[in-house]
Amino acid sequence: MHDIPERYEPAEIEPRIQEHWESARVFKVTEDPAREKFYCLCMFPYPSGRLHMGHVRNYTIGDVIARYQRMLGKNVMQPMGWDAFGLPAENAAIENKVPPADWTRSNISYMRDQLKRLGFAYDWDRELATCDPGYYRWEQWFFRRLYEKDLVYRATAVVNWDPVDQTVLANEQVIDGCGWRSGAPVERREIPQWFLRITAYADELLDELERMDEWPEAVKTMQRNWIGRSEGLSIRFALSDGSGDLEVFTTRPDTLLGATYMAVAPEHPLATAAAASDPAIAAFLETCRHQSTSEAVIEKMDKLGMPLPVTVRHPLSGVDLPVWVANFVLMSYGTGAVMSVPAHDQRDWEFARKYELPIRQVIAPTDGAVCDIDAAAYTEQGRTVNSGEFDGLEFAAAFDAVARALEAQGRATRRVQYRLRDWLVSRQRYWGCPIPVVYDAEGTAIPESDDRLPVVLPEQIAWEGVASPLRNMPEFTTTILPDGSPGRRETDTFDTFFESSWYFSRFCSADSDSAMVDARVDYWMPVDIYIGGIEHAVLHLLYARFFHKAMRDAGLVKSDEPFKRLLTQGMVCKETYYRDSDNGRRQYFSPGAVEVDTDAKGRAVAARLLADGEAVTIGPVEKMSKSKNNGVDPQALIDRYGADTVRLYTMFAAPPDQSLEWSDSAVEGASRFLKTLWRLVHDHVSRDRVATPNRAMEDAKQRNLRRHIHETIVKVSDDISRRYKFNTAIAAVMELVNHIGRAAADDPAALDELLDGLDVVVL
RNA sequence: GCCGGGAUGGCGGAACUGGUAGACGCGCCAGACUCAAAAUCUGGUAUCCGUAAGGAUGUGGGGGUUCGAUUCCCCCUCCCGGUACCA
């Protein structure tokens, strides 16, 4: 090791050491009950084509933690795999006429090389891709276990339907109400789909959060609010004509006497029945049929409604209340109907104002403060007024009194309701795991038996048009039922969150072809630290928690929770550049294709497309993504500076949980630091140490350096293991290197301190 | 709309438990080396006034608690993530 070259040449040394790591299987691990295990996991990537900066940042954080834990002597597993099913592969298939399987596998191959080039300490023997039948057969197998436990059911749900392309669109594919390819106005369509009963686990998913003290508070709060447990009253209002009941759920029974109208969803039977004889209502429902299915869009649109020719009887006052159809009431929430109390709900208040419906105050502030119902709804809990025999009660007492009165009439039931809805796992797409179900001649669904699994997705396909080709493949859809009669195969595939809900368990026994997971899973699970983007705070992380509990209840794993500690990485963001084209759609340009002019303060003021020299609009700073085309390609930086520089810069630029606005000018600094360090080591490594240094002979400067070395060890250890602040750990090491460099110039005789310092810095 | 997060020099960020605001790095300025440049090294660099010593101001905006607030509380603005079929 004494013949270190004078110049730092990452392009030469990095591939050499990486080949050694690979050929010697340095990071391969097996279970060792004698040693403390550490399972370090980063969210696996979607193989989109090339690594982006978010990947580099994510996997560098994981690698720093994994290597630190190895240095502590733990048995560290750090695996890597591919979240390989998904929409982009279908788009590539449509655009480039290449089968999604081929496109995906070639992306995996390229990105695997990139990961190796970045030098991450992965146990590659555990690599998996979710599009391999050897992986997805086990979720088909588990689907049947869930079915047997009544955790699977079939029901109708609304989708975005593109009437031109004759296909279902993802929310992301609907732009201003139109299909992104066809440009045709999208329609809502109800179709039968498969659901997993995640709500059966709602209470456990909620309660367990209290004990997850190594998860960020923000993520737990988001999950709590998402689950949204509320206690309330399910009230059955009798239709005035005696033809039935209208059931609603409310968390505010204390406001019942303030209810002045009812609102139902456009798909509600009362609305569709009225539309049959009233063209105006039918026309309204028709406009609602083009409404978005996205909550963000629905909540921001104009709130519209129409009165229906029915009324309901108020169970306490006996007054008949009008029933309206309203575009913001969702059929998929609860019963598709709500009771409206405009005096005490702001949305109801605005709707009532717009349509001149009565606003009736029945709650007043407990402290006697004035509240002006003409200005806004009073939404706080208070004391009942204008409520006859229920007057003067505070929230809990009023709730109870109203509940008892209605229960006595058989008109209400106390109920716990969740905002969380069951997990819709059906996708009308080709590139996913086939849902293992067959239908008989009557259309009855029969889950596939274990001995007929996997249901293999045909990979060599000819893609015509836009819709999933599976429906037009008789060799796939035609099948024989267990009783020998002809059957038809389900052509829907699973939501890709299905695959990402258990891959961490599969990594523990990735080579098993006889079981979903085996006993090794209980050595490694739970994951000790899970690192990934904050954008997964709810959906992926909640589905994965649910799935793990369902696996536990099927006897497959012992742990209650899959992820002991969670580190949510902030987004890597970058300015967007675009032009609005004539058809109203936006064309985004990659930062590499654009030249940006800055003012004296370094702020971007204008941008031009390099290809034609014409101006492009500078858009907001957003998460680097394919759809915004604002990703910075790390490969160019790796080629120019080496992997260590890119990794160092990524860790130095910001703390991991903070969003990072990318700037490639500062990468130079990281490179400079590594060169300086290399030269210092080169200048000293061949010098011989004094055999037994005499610490008592150290002068003040030397003692000062030795003290600084040890302070840095404490600081860096704490920053990495407790604080997860890699930027300040690096800053501390830079300060130490500056100190060592000055000492080397001033006092070359202080060799023992210099060499000790360099040893520590290199570690 | 709702839920969660954020805002500190020209730029990225630091200040961990309420106690010297701006560590470390980028950029910029000056100097050394060089025929010259690059690279490298040394020094300076929050803003305003001042030759300087020094003074004043300063952590998105407004208010509050405190001997003391980037940090705690209330209100607001803007930005980011999620919003159930992007992953």
Side-chain angles (χ1 to χ4, degrees), chain A residues 43-46 48 54 83 85-88 91 157-160 168-174 193 198 216-226 228 293-301 303 328 332 346-347 350 419-429 432 495-497 500 532-540 542-543 568 570-571 573 598-603 620-623 625-627 648-649 652-655 657-663 665-670 672-673 675-676 679 715 718-719 722-723 725 727-735 737-738 741-742 745:
Chain A
M43 291 180 186
F44 65 166
Y46 176 77
S48 54
D83 188 14
F85 279 135
L87 205 48
N91 297 332
V158 179
V159 294
N160 303 307
V168 175
L169 298 178
N171 285 336
E172 193 186 57
Q173 298 172 309
V174 180
Q193 312 204 54
I198 188 174
E217 235 15 88
V219 174
K220 290 192 284 184
T221 303
M222 281 188 266
Q223 292 209 350
R224 252 179 229 121
N225 292 336
W226 185 268
T293 58
S294 133
E295 186 193 323
V297 175
I298 291 169
E299 288 291 330
K300 273 182 273 199
M301 72 191 180
K303 309 295 186 288
F328 57 87
S332 50
Q346 189 59 26
R347 190 175 66 183
E350 282 162 20
R419 204 189 78 94
L420 177 69
R421 308 198 299 258
D422 278 332
W423 179 8
L424 196 172
V425 294
S426 299
R427 294 293 179 270
Q428 295 69 44
R429 305 203 189 293
D495 176 7
T496 58
F497 278 126
S500 55
I534 181 69
E535 68 271 25
H536 295 293
V538 176
L539 288 180
H540 162 58
L542 196 62
Y543 290 141
T568 49
M571 250 89 38
C573 300
T598 54
D599 64 11
K601 292 186 171 183
R603 292 220 168 83
V621 174
E622 293 184 73
K623 176 178 90 163
S625 71
K626 204 140 192 146
S627 58
L648 182 68
Y649 172 68
F652 182 57
D657 53 354
Q658 203 164 303
S659 69
L660 171 81
E661 191 184 329
W662 184 260
S663 111
S665 64
V667 179
E668 194 72 46
R672 207 174 289 168
F673 170 75
K675 284 182 202 161
T676 303
R679 201 183 49 250
K715 164 83 178 155
D718 186 54
D719 279 351
R722 180 181 65 88
R723 299 180 67 213
K725 297 276 189 194
N727 54 330
T728 53
I730 293 166
V733 173
M734 286 175 168
E735 284 182 83
V737 169
N738 291 342
R742 276 195 307 274

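Being a predicted model, the structure only gives us computed values, none of them experimental. Each chain gets a letter, A, B and so on, in the order its sequence line appears, and its residues count up from 1.
- Residues A:Thr728 and A:Arg723 form a side-chain contact, since some pair of their non-hydrogen atoms from C-beta on lies under 4.5 Å apart.
- With A:Lys220 as the partner, the side chain to side chain contact (heavy atoms under 4.5 Å, CB included) test is satisfied by one option alone out of A:Met222, A:Glu217, A:Gln223: A:Glu217.
- Using a 4.0 Å heavy-atom distance criterion, A:Phe497 is classed as a base contact.
- Residue A:Val733 is classed as having no contact, given no heavy-atom separation below 4.0 Å to the nucleic acid.
- Remark: A:Lys715 NZ to A:Glu735 CD distance equals 9.0 Å, nearest 0.5 Å.
- Rounding to whole angstrom units, NZ of residue A:Lys303 and C1' of B:C2 are separated by 11 Å.
- Nucleic acid contact for A:Asn738: sugar-phosphate only, since backbone atoms but no base atoms lie under 4.0 Å from a heavy atom of the residue.
- Of the listed nucleotides (B:C86, B:C85, B:A23), B:A23 has the atom at the smallest distance from the side chain of A:Glu735.
- Side-chain atoms of A:Glu299 lie closest to B:G1 of the nucleotides B:C41, B:G1, B:G4.
- Considering every non-hydrogen atom in both A:Gln428 and A:Val159, the closest pair reads OE1-CG1, 4.1 Å.
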I'd like a list of close polar pairs between nucleotides 26-32 of chain B and the protein, N/O only, cut-off under 3.5 Å.
residue: B:C26; atom: OP1; partner: A:Arg672; partner atom: NH1; Å: 2.8
residue: B:G27; atom: OP2; partner: A:Arg672; partner atom: NH1; Å: 3.4

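- There is no side-chain donor-acceptor pair under 3.5 Å between A:Thr568 and A:Asp657.
- Between the side chain of A:Lys300 and the main chain of A:Ile298, no donor-acceptor pair closer than 3.5 Å is present.
- B:U59 and B:G4 are spaced 23 Å apart, taking the C1' atom of each and rounding to whole Å.
- Nucleotides B:A23 and B:C76 place their C1' atoms 33 Å apart, quoted to the nearest Å.
- One P atom belongs to B:C73, the other to B:C78, and the distance between them is 22 Å to the nearest Å.
- B:G9 shows a glycosidic angle within 90° of 0 and is accordingly assigned syn.
- A donor-acceptor contact closer than 3.5 angstrom is absent between the side chains of A:Asp83 and A:Thr496.
- Between the base of B:C3 and the side chain of A:Arg224 there is no donor-acceptor pair shorter than 3.5 Å.
- The shortest distance between the side-chain N/O atoms of A:Gln658 and the OP1/OP2 oxygens of B:G13 is below 4.0 Å.
- B:U71 and B:G19 have their P atoms separated by 11 Å, given to the nearest Å.
- Computed from coordinates, the A:Asp657 CG to B:G12 C1' distance equals 15 Å when rounded to whole Å.
- Straight-line distance from the CD atom of A:Gln223 to the P atom of B:G4: 13 Å, rounded to whole Å.
- Atom NZ in A:Lys725 sits about 10 Å away from atom P in B:C16, given to the nearest Å.
- Whole-Å rounding puts the A:Tyr46 OH to B:C85 P distance at 17 Å.
- Comparing B:C33 with B:U40, their C1' atoms are spaced 9 Å from each other, to the whole Å.
- Put simply, A:Asn91 has no side-chain N or O that comes within less than 4.0 Å of OP1 or OP2 on B:C86.
- Between A:His540 and A:Phe497, the ring-plane angle classifies as parallel under the 30° and 60° cut-offs.
- A:Pro655 comes within 4.0 angstrom of the backbone, heavy atoms only, and of no base.
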- Message: For a quick check, with a 4.0 angstrom heavy-atom cut-off, what is the B/S/- contact string for nucleotides 70-84 of chain B, read 5' to 3'?
- Response: ----------SBSBB

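- Separating the C1' atom of B:G63 from that of B:A69 is a span of 14 Å, rounded to the nearest Å.
- For the C1' atoms, the distance from B:G12 to B:A38 is 26 Å, rounded to whole Å.
- Checking B:C85, B:A87, B:C41 against the side-chain heavy atoms of A:Leu87 singles out B:A87 as nearest.
- Nearest-nucleotide positions on RNA chain B for A:Asp83 and A:Val219 put A:Val219 closer to the 5' end.
- If you check distances only, the side chain of A:Gln173 never reaches the base of B:C85 with a donor-acceptor pair under 3.5 Å.
- Take the nearest nucleotide of RNA chain B for A:Ala732 and for A:Gly86: the residue whose nucleotide is more 5' is A:Ala732.
- Contacts of A:Ser48 with the nucleic acid, taken as non-hydrogen atoms under 4.0 Å apart, are absent.
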- Watson-Crick and G-U pairing of RNA chain B, under 3.5 Å, as dot-bracket with | and [ ]: (((((((..(((......[....)))((((((.......))))))((((....))))..(((((..]....))))))))))))....

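- Distance from the side chain of A:Arg722 is smallest to B:C16 among B:C16, B:G5, B:A14.
- Spacing of C1' atoms, B:C11 relative to B:G64, comes out at 34 Å, to the nearest Å.
- Residue A:Val168 is classed as a base contact, given a heavy-atom separation below 4.0 Å to a base.
- Between A:Arg723 atom CZ and B:C24 atom P the separation is 16 Å, expressed in whole Å.
- Protein atom CZ of A:Phe44 is 12 Å distant from nucleotide atom P of B:A87, rounded to whole Å.
- The nearest whole Å value for the distance from the CD1 atom in A:Ile730 to the C1' atom in B:C24 is 10 Å.
- As judged by a 4.0 angstrom heavy-atom cut-off over every strand, A:Lys715 is placed among the base-contacting residues.
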